[in-house]
Amino acid sequence: MSVTRESFGFMPDNTEIFKYIIENACGTEVHIITLGATLQSLFFADKNGVKRDVLLGFDTVEDYLEKSNYQGATVGPFCNRIGGASIDIGGKHYELVANEKGVTSLHSNGEFSFRPWKAIVPDADCVELSYVSPDGEGGFPGETKVQVLFRLSQDNKLSIRYHGVSTRDTFLNFTNHAYFNLNGYDAGDILGHTLRLNADEFTPVDELSIPTGGNLPVEGTPFDFRTAKPIGLEIGADHEQLKMTGGYDHNFKLADGPRELTEIGEAVSPESGIKMNIYTTLPAVQFYAGNFLNGKTGKAGKPMEKRSGFCLETQYFPDSPHHPEFPSCLFKAGEEYESETVYGFGLI
Ligand code: GLA
């Protein structure tokens with residue numbers, strides 16, 4: 001195992017951004033940049049032994065700042081959406097940045113995703129990124145300290161552990177927004193990948209992608225991934241919820257609350273032979289099929305077309321601050337948030 005570091009460029013204020021590369025004995029490489037604690041690349045050898053970079057992303061700091069749809073970024077303090085872009089905690093009302101359609105909060109306006117983080121290398125197989133969000137950033141109460149530990153194992157599992165604590169009561173909901181294409185970032189769409197997701201229910205949303213309340217059974221709907229099927233098989237089906245969001249962009253319920261690390265699904269590309277198993281301690285996951293990707297150029301100047309990557313963003317439920325029926329992610333001042341998500345790679 002080894003960790004190496006190189007310069008990735010500079011922020012507009014001249015802060016240097018670094019890239020850390022964790023490599024294991026199989027030659028699997030995870031590249032993490034300090035801008036947004038972002039997963040920039042992940043190289044894994046396909047069935048023919050040829051390494052493919054299975055993450056969408058960019059080659060420069062400028063591109064991450066100007067063109068990103070959160071490719072690989074750490075998102076916080078509250079990933080996904082909050083309706084009305086405001087929250088109430090202990091009788092106090094907080095206005096957040098309404099960065100989507102001027103109405104809702106999406107990914108906390110990127111507060112965590114486009115800042116420089118600090119990095120240390122605690123061991124030969126991991127990198128720890130940390131960020132201190134000042135009280136009131138993006139409208140959220142409390143100075144919040146966050147650490148994200150990326151660790152690669154010899155058997156090709158990438159573990160992402162999150163730790164957060166705030167000086168005031170606040171909602172904490174972190175995720176990583178990696179877009180995967182198991183054929184490579186420049187290899188066309190992901191509709192032929194198969195997906196299994198161990199979720200009996202999903203969360204219906206309105207036109208603003210805000211949950212309408214509660215969950216629905218996946219049984220008998222295109223949202224049923226309990227047995228693996230191609231992502232493209234029913235993405236165009238005549239289903240109100242798919243039309244609402246232009247393809248899969250929904251939260252799936254995994255559990256009633258946080259639990260021990262559990263395998264929750266598997267994505268497979270028959271073409272490259274690469275499979276990815278997902279494990280998490282969190283109660284939900286957003287499956288997003290890259291419907292809004294629109295051809296912006298990414299790595300090596302290659303366009304990232306619609307559905308050229310998919311995301312499995314492990315999380316608490318979207319808009320949970322307004323939905324008592326969903327598990328709460330309100331953390332008391334000084335109370336510690338902890339979660340772990342693992343993406344494990346192998347061949348079929
Ligand atoms: C999330 C959302 C999508 C989209 C992307 C960012 O996954 O669910 O609707 O906004 O982020 O483009």
Side-chain angles (χ1 to χ4, degrees), residues 36-39 55-58 63-83 85 96-114 138 160 173-181 185 189-190 195 197 199 202-212 215 223 225 231 235 241-254 265 267 278 280 282 284-298 303-323 326 341 343:
T38 295
L39 274 176
L55 286 177
L56 273 58
F58 303 93
D63 278 359
Y64 274 102
L65 294 178
E66 284 162 21
K67 299 199 275 187
S68 172
N69 302 99
Y70 294 89
Q71 279 87 341
T74 295
V75 187
F78 194 99
C79 65
N80 213 312
R81 294 177 173 85
I82 296 182
L96 312 173
V97 183
N99 64 323
E100 196 174 41
K101 299 178 182 148
V103 195
T104 52
S105 162
L106 172 65
H107 299 324
S108 305
N109 195 38
E111 296 302 350
F112 284 24
S113 305
F114 303 105
I160 311 176
N173 187 14
F174 311 123
T175 198
N176 183 281
H177 207 302
Y179 288 70
F180 296 98
N181 185 324
Y185 68 85
D189 69 57
I190 46 77
L195 177 68
L197 258 190
F202 76 105
T203 310
V205 293
D206 66 14
E207 316 71 50
L208 293 168
S209 283
I210 299 297
T212 50
N215 300 306
F223 293 85
F225 282 94
I231 292 173
I235 199 168
Q241 279 297 315
L242 282 174
K243 289 192 188 148
M244 196 81 84
T245 50
Y248 298 109
D249 190 0
H250 287 79
N251 180 65
F252 287 71
K253 179 185 171 181
L254 303 171
I278 305 99
T280 190
L282 287 164
V285 61
Q286 181 88 3
F287 168 42
Y288 170 52
N291 313 303
F292 295 132
L293 294 172
N294 59 5
K296 281 185 214 162
T297 50
M304 290 177 284
E305 304 290 0
K306 182 174 177 173
R307 298 181 182 152
S308 58
F310 68 95
C311 306
L312 289 166
E313 305 153 57
T314 55
Q315 58 181 3
Y316 282 86
F317 289 57
D319 201 32
S320 60
H322 299 132
H323 287 272
F326 297 150
T341 293
Y343 298 102

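Atoms within a ligand are numbered from 1 in the order they appear, just like the ligands themselves. Remember, it's a predicted structure, so these values are computed and weren't measured experimentally. In this chain, residues are counted from 1 in sequence order.
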Query raised in the report: Checking Asn109 side chain against Gly138 main chain: does a donor-acceptor pair fall under 3.5 Å?
Result: no
Query raised in the report: For the side chain of Thr74 and the backbone of Ala37, is there at least one donor-acceptor N/O pair under 3.5 Å apart?
Result: yes
Query raised in the report: By salt bridge (charged side-chain N to carboxylate O under 4.0 Å, His left out), which residues pair with Glu313, not counting sequence neighbours?
Result: none
Query raised in the report: Under a 4.0 Å heavy-atom cut-off, which residues neighbour ligand 1?
Result: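 Protein residues near ligand 1 are Asn69, Arg81, Leu106, His107, His177, Tyr179, Asp249, Gln286, Tyr288, Phe292, Glu313.
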Query raised in the report: Can you name the closest pair of heavy atoms from Gly298 and Met304 and give their distance?
Result: CA-CE, 3.6 Å
Query raised in the report: Where do Ser308 and Leu293 come nearest, in terms of heavy atoms and distance?
Result: OG-CD1, 3.7 Å
Requested in this report: Evaluate the ring pair (Phe, Tyr, Trp, His ring centres under 6.0 Å) criterion for residues Phe202 and Phe287: first the C-alpha distance (whole Å), next the side-chain angles of each, then the deciding distance (0.1 Å), finally the verdict.
Outcome: CA-CA 10 Å; Phe202 76 105; Phe287 168 42; over 10 Å; no
